[in-house]
Amino acid sequence: MTIAPSTDQLCGLDVSSLFLAGPFIQLLDPATGEMPEHARAPFDVLIRHFEARGLAVHNAHRREAWGAELMRPDQCTGLDQDEIRKADVFVALPGFPASPGTHIEMGWASAFDKPIVLMLEEGREYTFLVQGLHTVATVEYVEYAQGRDIAEYLPEVDAALLRAVSRHRERTGKVAG
């Protein structure tokens with residue numbers, strides 16, 4: 001797994017944190033209770049990419065040691081919602097099949113008026129509310145091919161993040177967050 005070189009698109013963006021969401025429980029290996037490396041890799045690549053650019057990344061997968069230290073529902077629910085509320089931007093891989101938890105987090109992000117980047121697998125049919133989320137929130141979509149290294153799409157993710165934050169500022173007149 002490689003990290004693509006920086007496109008420097010995030011420089012001067014004036015955001016300091018993001019919440020990275022995606023399927024979790026459905027990706028845990030039943031034998032070990034942890035995410036296997038292939039399921040963990042996209043999140044790890046994205047976390048390292050954003051942190052290398054100076055962003056604080058809030059992510060339940062890492063916080064809960066990739067499944068080894070799962071929190072109880074009454075612990076993680078409020079914590080995730082609070083981290084989304086405080087984050088400047090929201091990035092998610094909604095999952096296929098759909099991850100119910102990630103979809104709830106996308107709803108919170110849109111309700112909290114966060115700029116959103118959704119990473120969707122090419123050729124997959126996502127729910128109407130995912131497809132139409134851009135009509136009620138500032139959303140940019142990035143399509144990626146299943147089985148390809150997510151690092152190949154980092155320049156596109158950066159560009160989408162820049163567009164989402166810029167559009168959000170134009171619409172609201174304020175910095176994200």
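The structure presented is a predicted model; accordingly, all values stated were derived computationally and were not measured.
Minimum heavy-atom separation, Tyr141 to Val139: CZ-CG1, 3.7 Å. Shown here for Gln81 and Trp108, the closest heavy-atom pair between the two residues is NE2-NE1, 3.4 Å. Summarising the geometry of Glu64 relative to Met71, their closest heavy-atom pair is OE1-N, 2.9 Å, with the distance given to 0.1 Å. The nearest pair of heavy atoms linking Glu121 to Tyr126 is N-OH, 2.9 Å. Of all heavy-atom pairs between Phe90 and Ala109, the closest is CG-CB, 3.5 Å. Nearest approach of Lys114 to Lys86, heavy atoms of both residues: NZ-C, 4.3 Å.
Contact check for Glu143 versus Met119: no side-chain heavy atoms found under the 4.5 Å cut-off. The side-chain heavy atoms of Met35 and Asp29, taken from C-beta on, include no pair separated by under 4.5 Å. Looking at Ile25 and Leu70, their side chains come closer than 4.5 Å, going by heavy atoms from C-beta outward. A heavy-atom distance below 4.5 Å is found between the side chains of Phe50 and Asp158. Using a 4.5 Å cut-off on side-chain heavy atoms (C-beta onward), Val142 and Leu120 make no contact. Counting heavy atoms from C-beta on, the side chains of Phe43 and Asn59 come closer than 4.5 Å. His58 is not listed as a side-chain neighbour of Leu20, based on a closest heavy-atom distance of 4.5 Å or more. His168 is not listed as a side-chain neighbour of Val89, based on a closest heavy-atom distance of 4.5 Å or more.
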Next item on the list: Evaluate the criterion side chain to side chain contact (heavy atoms under 4.5 Å, CB included) for residue pair Glu51 and Leu55; output intermediate values, then yes/no.
Entry: CA-CA 5 Å; Glu51 287 182 341; Leu55 296 173; over 6 Å; no
Next item on the list: Would you sort out whether Arg63 and Glu69 count as a side chain to side chain contact (heavy atoms under 4.5 Å, CB included), showing the intermediate values?
Entry: CA-CA 8 Å; Arg63 180 185 68 221; Glu69 300 173 11; over 6 Å; no
Check: When you look at Ile116 and Met106, which way does the side chain to side chain contact (heavy atoms under 4.5 Å, CB included) test go after all the steps?
Finding: CA-CA 8 Å; Ile116 298 170; Met106 289 186 307; 5.7 Å; no
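Glu34 has no carboxylate O lying under 4.0 Å from a charged side-chain N of Arg40, or vice versa, which leaves the two without a salt bridge. Ionic pairing of Arg171 and Asp113 is present here: one or more N-O contacts between side-chain nitrogen and carboxylate oxygen are shorter than 4.0 angstrom. The pair Glu122-Arg148 fails the salt-bridge criterion, with no side-chain N (NZ, NE, NH1 or NH2) lying under 4.0 Å from an Asp/Glu carboxylate O. Residues Arg167 and Glu140 are paired through a salt bridge, judged by an N-O separation under 4.0 Å between the basic side chain and the carboxylate. Comment: Asp80 does not engage Arg85 in a salt bridge, judged by the lack of any side-chain N to carboxylate O separation of less than 4.0 angstrom.
Here the CD-CG distance, from Glu83 to Leu18, works out to 11.0 Å after rounding to the nearest 0.5 Å. Taking CG of Leu118 as the reference point, atom CD of Gln131 lies at 11.5 Å (rounded to 0.5 Å). Summarising the geometry, atom CG belonging to Leu154 is positioned 11.5 Å from atom CG belonging to Leu161; distances are rounded to the nearest 0.5 Å. If you take CG on Asp82 and OG1 on Thr77, they are separated by 12.5 Å, rounding to the nearest 0.5 Å.
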What side-chain donor-acceptor pairs closer than 3.5 Å can you find for residues 92-105, not counting sequence neighbours?
from	atom 1	to	atom 2	distance (Å)
Ser99	OG	Thr102	N	3.3
Ser99	OG	Thr102	OG1	2.9
Thr102	OG1	Gly22	O	3.1
His103	ND1	Ser99	O	2.8

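Phe24 meets the ring-ring contact (aromatic ring centres under 6.0 Å, His included) test with His61; sequence neighbours excluded.
Between the Thr138 side chain and the Ala164 main chain, no donor and acceptor come within less than 3.5 Å of each other. Between the side chain of Asp88 and the main chain of Ser17, a donor-acceptor pair closer than 3.5 Å is present. Checked by atom type and distance alone, the side chain of Gln26 never pairs as donor or acceptor with a backbone atom of Pro23 at under 3.5 Å. Side chain of Tyr144 to backbone of Glu152: no donor-acceptor contact under 3.5 angstrom is found.
Leu129 and Val117 fall into different hydrophobic clusters, where Ile, Leu, Val, Met, Phe, Trp and Tyr residues are linked whenever their side-chain heavy atoms come under 4.5 Å apart, directly or through other members.
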